[in-house]
Amino acid sequence: MKIIHTDALVLGGGLAGLRTAIGMKKRGHEVISLSLVPPKRSHSSAAQGGMQASLANSVKGIGDNEDLHFVDTIKGSDWGADQQVVRMFVDTAPKAVRELAAWGVPWNRIEKGDQQSVIDGKKVILTEPENAHGLITARNFGGTQKWRTCYVADGTGHSMLYTMSNQAIANDIPVHERMEALSLIHDGKQCFGAIARNLISGELVVYIAKVTCIATGGFGRIYRSSTNAVINEGIGAALALETGIASLGNMEAVQFHPTAIFPAGILVTEGCRGDGGLLLDVNLHRFMADYEPEKKELASRDVVSRWMETHIAKGYGVKSRFGEHLWLDIRLLGEHHINTKLREVKEICQYFLGIDPVKDLIPVRPAQHYSMGGVRTNHKGQSPSLLGLYSCGEAACWDMHGFNRLGGNSVAETVVAGMIVGEYMADFLDSNACDINISTALITDFYEKEKNKLAAFYQESNTENPFEIMSEMQNIMTKNVAIFRNKTKLVEAIEQLKALRIRAKNIRVHSNAKGTNPELVAAYRVQKMLKLSLCTTYGALQREESRGAHSREDFPLRDDKRWLNRTLATWPCEQDELPTLQYEPINIKAMEMPPSWRGYGAKDRIDHPDTAIRLEEVEKIKKENNICKDSISKGIAAKDIEAQDKEILQTKLMPYKHLLPEKLRGKNARLSDEQ
Ligand SMILES: Cc1cc2nc3c(=O)[nH]c(=O)nc-3n(C[C@H](O)[C@H](O)[C@H](O)COP(=O)(O)OP(=O)(O)OC[C@H]3O[C@@H](n4cnc5c(N)ncnc54)[C@H](O)[C@@H]3O)c2cc1C
């Protein structure tokens, strides 16, 4: 039995995992990261559009700040997010962009003077100020009030991940690639590392760690039609679930992206619409203006995806031999713009559709895209129920996205959460809590369990094919648990998934290759993915309301009275047919921004009685906040007073700074500070 000891074990070599590892290493702790693929091939590299941070450099970002980013994110989440976590996030995002710039990310920069742009279908000239020349620019993305999405053409994730990975190398952090974690070692109270399988040699390896972080990305591949990479199967989240103790949050909160190319499902970035691209129907009519007169194509993703499907259902879809779709038109952006700022989009269209988006319309239809749900953590990224277990990035439910995450907020989350969670994990390593004393019997027990599970796939009496079960599961999820959900579809899906789980216990692996063995890999992964599918489906069935991306045809209203809470799923016993669901309340009385209308999408909702009380309280606190006005007589500049006032007011409404690691509490400087 091969045993490797380390201070910290990070499962995942994407943006979140690597940034967390760097934080701990810089604090003097030994870290090992595991990855299914070479880290630079992690899914983060697929992010095209950009990273949100309120730098306020460019002309369309002037006036932007943490407050506006906060408001956009809360509205986007349909009030499902943890507002303190969102505050921590928006405060740290500008620092994250600047740190990445210092590490070498080649962010697109502002060019002073007149620049041509497209807004609302019309060509306009934007004049960038001289003093902003050379600073990091931003594009329109995520339906935000200000343009705040920093980007590197449409290869943002690629640039960020290469830079991050190079930093990990520079910090001497080993990434054991093609090493897959199969289970977490724990004693029911504390996590001590993981059992992993070497995907090349087939060897099982024990990693003993004082602290473990799950940063394994999303679980999009439980769906057939997904923009996610084939490695995004959610195995990390399943490991937490299989402890029976750690919980998964809001697994029913799954985002569908409006513009996956049809039928392949490969994403073309929201930057296309942000930069001025339009959605058209079979008659080349710009239909989004009919449904969302204000935000049009730039309403949040859940809203645009729903309108697209509704419009197709009304008979306005374009028929093709693969099914119906709509059009994305970026021709009006012009060849130069597409060739420089959307060149990956151009290549995707050329390689996978054989078309040129400079001249041709792009066929699109919504596809699964992002997992808002994941391993439930507190603001430190720590599992509230299993000591020594942390999680961050798309694998986690931290929870800053609630029921819909905004475009550009995810790669930002990976780095920001990495910065914060890495510090808290290092604090944990500096504390007494991690003086672990783990018995050999416990290690052997977990090791033998995994060995036996793998051996069981070779029983000759077994008959099931893992690939068939995987494909049936993906079809069920895409057909029954997608954009529009209802009781009948969800109950049907649960019965079918339960039946698949029974079949999955009878999987037969024929290939006895010790090392690279896709059949064996599919066999153990599908068993885990079925549990995730059931968490998503059962959570969706129980949640009798429509919130963000979770849309119930039979319960069309957002119901703050009954459902302003977070679903927590655990799987206490392997034999259980369904997860155990509990609900974590979200306290309106502690909210900086009480629930209201998002500014797009449905206006109707069922209010919680606390909403009115809190709204009144918030108004009262705002009125009373004249604290600094008398400082004028002390000769303090008016804009400094205003800033102080704002900070005092924010702290009165919902304090959060104390939740950030001390080194991240500094003020974000902006160009406007100099004026
Ligand atoms: C096509 C596409 C475009 C996107 N564009 C944007 C965008 O423009 N802006 C934005 O904000 N967001 C975007 N997103 C979302 C964003 O890219 C992801 O949410 C984010 O990059 C996830 O990063 P991560 O570090 O959490 O996980 P990942 O980058 O997915 O990394 C997961 C890591 O975990 C490893 N791993 C997985 N399972 C195991 C296991 N069992 N054992 C060991 N290792 C394991 C993998 O090998 C990998 O290294 C996009 C997503 C998609 C699908």
Side-chain angles (χ1 to χ4, degrees), residues 9 11 180-197 204 206-216 219 222 233-252 371 373-378 381-391 395-397 399 433 436 438-439 441-454 456 494 497-498 500-502 504-505 523-539 542 566-584:
L9 179 68
L11 309 180
E180 175 171 8
L182 294 186
S183 67
L184 296 177
I185 304 168
H186 66 95
D187 63 359
K189 294 191 196 80
Q190 189 162 355
C191 179
F192 304 114
I195 307 285
R197 178 172 178 272
L204 285 186
V206 180
Y207 286 87
I208 300 295
K210 296 172 183 170
V211 69
T212 304
C213 180
I214 296 178
T216 47
F219 54 88
I222 63 172
E233 297 183 314
I235 302 306
L239 300 190
L241 188 69
E242 287 186 339
T243 62
I245 296 149
S247 60
L248 303 185
N250 284 345
M251 290 295 282
E252 65 272 31
S371 317
V375 182
R376 179 68 186 132
T377 73
N378 63 14
Q382 186 173 24
S383 160
S385 41
L386 192 58
L387 193 67
L389 181 68
Y390 289 71
S391 182
C397 178
D399 159 8
I436 57 170
I438 167 172
S439 74
L442 187 75
I443 302 174
T444 315
D445 192 29
F446 273 88
Y447 179 84
E448 289 297 326
K449 225 190 269 168
E450 283 316 307
K451 220 169 94 180
N452 294 340
K453 267 197 220 163
L454 298 182
I494 287 176
L497 290 167
K498 274 190 198 164
L500 277 185
R501 262 199 91 215
I502 294 168
K505 287 183 183 143
Y524 61 71
R525 285 191 193 166
V526 77
Q527 289 186 337
K528 294 183 187 329
M529 291 165 82
L530 279 165
K531 287 186 189 148
L532 299 180
S533 301
L534 278 163
C535 288
T536 302
T537 311
Y538 192 43
Q542 296 300 317
R566 196 168 286 121
T567 310
L568 297 182
T570 49
W571 205 292
C573 228
E574 180 59 31
Q575 288 73 27
D576 290 350
E577 283 197 311
L578 285 172
T580 300
L581 299 187
Q582 283 172 313
Y583 292 92
E584 184 186 339

*asked:* side chain to side chain contact (heavy atoms under 4.5 Å, CB included), that's the test. Do Leu241 and Cys535 meet it? Break it down for me.
replied: CA-CA 10 Å; Leu241 188 69; Cys535 288; 3.7 Å; yes
*Would you say the side-chain atoms of Gln542 and Thr567 include a donor-acceptor pair closer than 3.5 Å?*
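No.
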*Applying the side-chain contact (heavy atoms from CB on, under 4.5 Å) test to Trp571, which of Leu578, Leu534, Ile245, Thr580 qualifies?*
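With Trp571 as partner, Leu578, Leu534, Ile245, Thr580 yield a single side-chain contact (heavy atoms from CB on, under 4.5 Å), made by Leu534.
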Please give me the minimum heavy-atom distance between [X] and [Y], naming the atom from each residue.
X	Y	value
Leu182	Arg197	CD1-CB, 3.8 Å
Ser533	Ile222	OG-CB, 3.7 Å
Thr216	Ala237	OG1-N, 4.0 Å
Ile214	Gly236	CD1-O, 3.5 Å
Thr212	Phe192	OG1-C, 4.4 Å
Gly249	Leu568	CA-CD2, 4.2 Å

Looking at [atom1] of [X] and [atom2] of [Y], how far apart are the two atoms once the value is rounded to the nearest 0.5 Å?
X	Y	atom1	atom2	result
Leu389	Leu184	CG	CG	6.0 Å
Ile235	Gln527	CD1	CD	10.5 Å
Lys451	Leu204	NZ	CG	8.0 Å
Gln582	Ser247	CD	OG	8.0 Å
Leu248	Thr570	CG	OG1	8.5 Å
Glu180	Leu11	CD	CG	10.5 Å

*asked:* Has Ser371 got a side-chain atom pairing as donor or acceptor with Gly373's backbone, closer than 3.5 angstrom?
replied: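 No: the side chain of Ser371 does not pair with the backbone of Gly373.
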_Donor-acceptor pair, side chain of Gln190 and main chain of Ala433, under 3.5 angstrom_ =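 Judged by distance alone, yes, a pair lies under 3.5 Å.
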*asked:* Show every salt bridge (charged side-chain N to carboxylate O under 4.0 Å, His left out) that has at least one partner inside residues 237-247, sequence neighbours left out.
replied: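 Sorted pair list: Glu242-Lys528, Glu242-Lys531.
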Does the side chain of [Y] come within less than 4.5 Å of [X]'s, by heavy atoms?
X	Y	value
Lys498	Leu530	no
Asp399	Arg376	yes
Leu532	Met251	yes

*Ile438/Asp187 under side chain to side chain contact (heavy atoms under 4.5 Å, CB included): CA gap, chis, key distance, verdict*: CA-CA 9 Å; Ile438 167 172; Asp187 63 359; over 6 Å; no
*asked:* Please determine whether side chain to side chain contact (heavy atoms under 4.5 Å, CB included) holds for the pair Tyr390 and Thr377, giving the CA-CA distance in whole Å, both sets of side-chain angles, and the decisive distance to 0.1 Å.
replied: CA-CA 7 Å; Tyr390 289 71; Thr377 73; over 6 Å; no
*Would you say Glu448 has more than 12 foreign heavy atoms packed within less than 6.0 Å of its CD?*
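Check passes, neighbour count above 12.
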*Might you work through the side chain to side chain contact (heavy atoms under 4.5 Å, CB included) test for Lys449 and Ile195, ending with a clear yes or no?*
CA-CA 10 Å; Lys449 225 190 269 168; Ile195 307 285; over 6 Å; no
